[in-house]
S.K.: 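Structure below; questions to follow.
Both backbone and side-chain heavy atoms feed into the values below; hydrogens, waters and symmetry mates do not.
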There are 2 protein chains.
Amino acid sequence: MFSNSAKYAIKAVLYLAVNSSEEHKIMIKDLAKPINVPRHYLAKLLQDLSKKHLVSSIKGPKGGFYLSAKNRKEKVIDIINAVDGEERMKACLLSLEGCNANNPCSLHHLIYDERQAILKNLNKTSLDHLAEHIKSGKSILPL
Amino acid sequence: MFSNSAKYAIKAVLYLAVNSSEEHKIMIKDLAKPINVPRHYLAKLLQDLSKKHLVSSIKGPKGGFYLSAKNRKEKVIDIINAVDGEERMKACLLSLEGCNANNPCSLHHLIYDERQAILKNLNKTSLDHLAEHIKSGKSILPL
DNA sequence: AAAAAAATATGACTTAAATCATATTTAAGA
DNA sequence: TCTTAAATATGATTTAAGTCATATTTTTTT
């Protein structure tokens, strides 16, 4: 469904949503451990997200990563798309070029509606909404 | 969702469901072309499926691959599981070990129901059912 | 200003998935 | 029985994803 990298990114961003703020930035090494993601790999991912303004970062002493208020408003799908590209989540499950509603591949009707529903959920759910869930114990964010 | 290999396998098996029979076996090279899958890679996949009795094959001149009546009764999910393993389709989307209904990960409720519905569809749909769809023009099986 | 602590940038290495190639076995047909 | 045509088995190569390492830049603190 989505790549390993996207999973890592989601875990990282949610951890930041729950634990960081502009006043309390988090360094790579303190982020990599609790979410169980290889440190250097995570650094690359976050640098990428930083360039795309999906996470915030400050260099130097007292620096680190955090989510701004604006960052927190982003939807889950934006993180996924930033990492995996816009196409991956939309592509035909059999990777058939010509597959669409008028010309459906054989698996299309077995999957399409549900897939759209998932997409819709990912499209409407913001990071701070998920962070609230985690804080209130409705969901978890472990390794 | 599922691997490239599983996509290839599904395309191949559906092609066989539509075009082959015990009286009309299909050689690897005549199968690889229309479904646009690398020939040698496809051979490996089919040999694997053959060992697991999901496709039928005969060696030697006049040999080739085909689907027996029994093969045609198999469900789509069986092909997928044979190629990707039983776990892949069931695993937590964030690959969290501890994720389950009692202890849901953050994306769990965004996806779970729809995912189950897809699984259910793949579990109840047989190859010959899909083949009928293709034959009657309700769906396509191109590259 | 200098030193130290952080992200950033770049690239090398490793692993697994995907692809390709070749030798072996089996069955059909002459 | 010999030749040929197919799958089968095995393994090598390539490519892409994932991982690791190091040098550079920026910012804070002294």
S.K.: Show each protein N/O and nucleotides 2-9 of chain D N/O combination with a separation under 3.5 Å, one pair to a line.
M.R.:
unit_1, atom_1, unit_2, atom_2, d
dA6(D), O4', Gly60(B), O, 3.3
dA6(D), N3, Gly60(B), N, 3.4
dA7(D), OP1, Ile28(B), N, 3.0
dA7(D), O3', Ser57(B), OG, 3.4
dT8(D), OP1, Ser50(B), OG, 3.4
dT8(D), OP1, Ser57(B), OG, 2.6

S.K.: For His53(A), which residues count as a side chain to side chain contact (heavy atoms under 4.5 Å, CB included) partner, sequence neighbours excluded?
M.R.: none
S.K.: Over how many whole Å does the gap from Asn36(A) atom CG to dG18(D) atom P extend?
M.R.: 15 Å
S.K.: Provide, to the nearest angstrom, the distance between the CG atom belonging to Asp84(A) and the P atom belonging to dA16(D).
M.R.: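 Interatomic distance, CG of Asp84(A) to P of dA16(D): 16 Å.
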S.K.: Do Val55(B) and Val13(B) touch side chain to side chain, with heavy atoms closer than 4.5 Å?
M.R.: yes
S.K.: Hey, is the side chain of Asn4(A) poking within less than 4.0 Å of OP1 or OP2 on dG18(D), counting only N and O atoms?
M.R.: yes
S.K.: Should the heavy atoms of other residues, nucleotides or ligands under 6.0 Å from NE2 of His129(A) be counted, would the total exceed 12?
M.R.: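 Atom NE2 in His129(A) is not packed in, count stays at 12 or less.
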S.K.: Rounded to the Å, how far apart are Arg88(A) CZ and dA16(D) P?
M.R.: 14 Å
S.K.: Expressed as a whole number of angstroms, how long is the span from Lys7(A):NZ to dT19(D):P?
M.R.: 11 Å
S.K.: Which value, rounded to the nearest 0.5 Å, describes the distance between Cys105(A) atom SG and His133(B) atom NE2?
M.R.: 12.0 Å
S.K.: To the closest 0.5 Å, what do you measure between NZ (Lys7(B)) and CD1 (Ile35(B))?
M.R.: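 It is 14.0 Å, given to the nearest 0.5 Å.
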S.K.: Has the side chain of Lys44(B) got a donor or acceptor that lies under 3.5 Å from a partner of the other kind on the base of dG11(D)?
M.R.: yes
S.K.: Does a side-chain N or O from Tyr8(B) land closer than 4.0 Å to OP1 or OP2 of dT19(C), or not?
M.R.: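 Result: yes.
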S.K.: Please report, rounded to the nearest Å, how far the C1' atom of dA17(C) is from the CZ atom of Phe2(B).
M.R.: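 Checked: the CZ to C1' distance equals 17 Å.
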S.K.: Provide, to the nearest angstrom, the distance between the CG atom belonging to Leu45(B) and the P atom belonging to dC20(C).
M.R.: 13 Å
S.K.: Using salt bridge (charged side-chain N to carboxylate O under 4.0 Å, His left out) as the criterion, point out the one residue from Lys135(A), Lys70(A), Arg72(A), Lys73(A) that pairs with Asp128(A).
M.R.: Lys73(A)
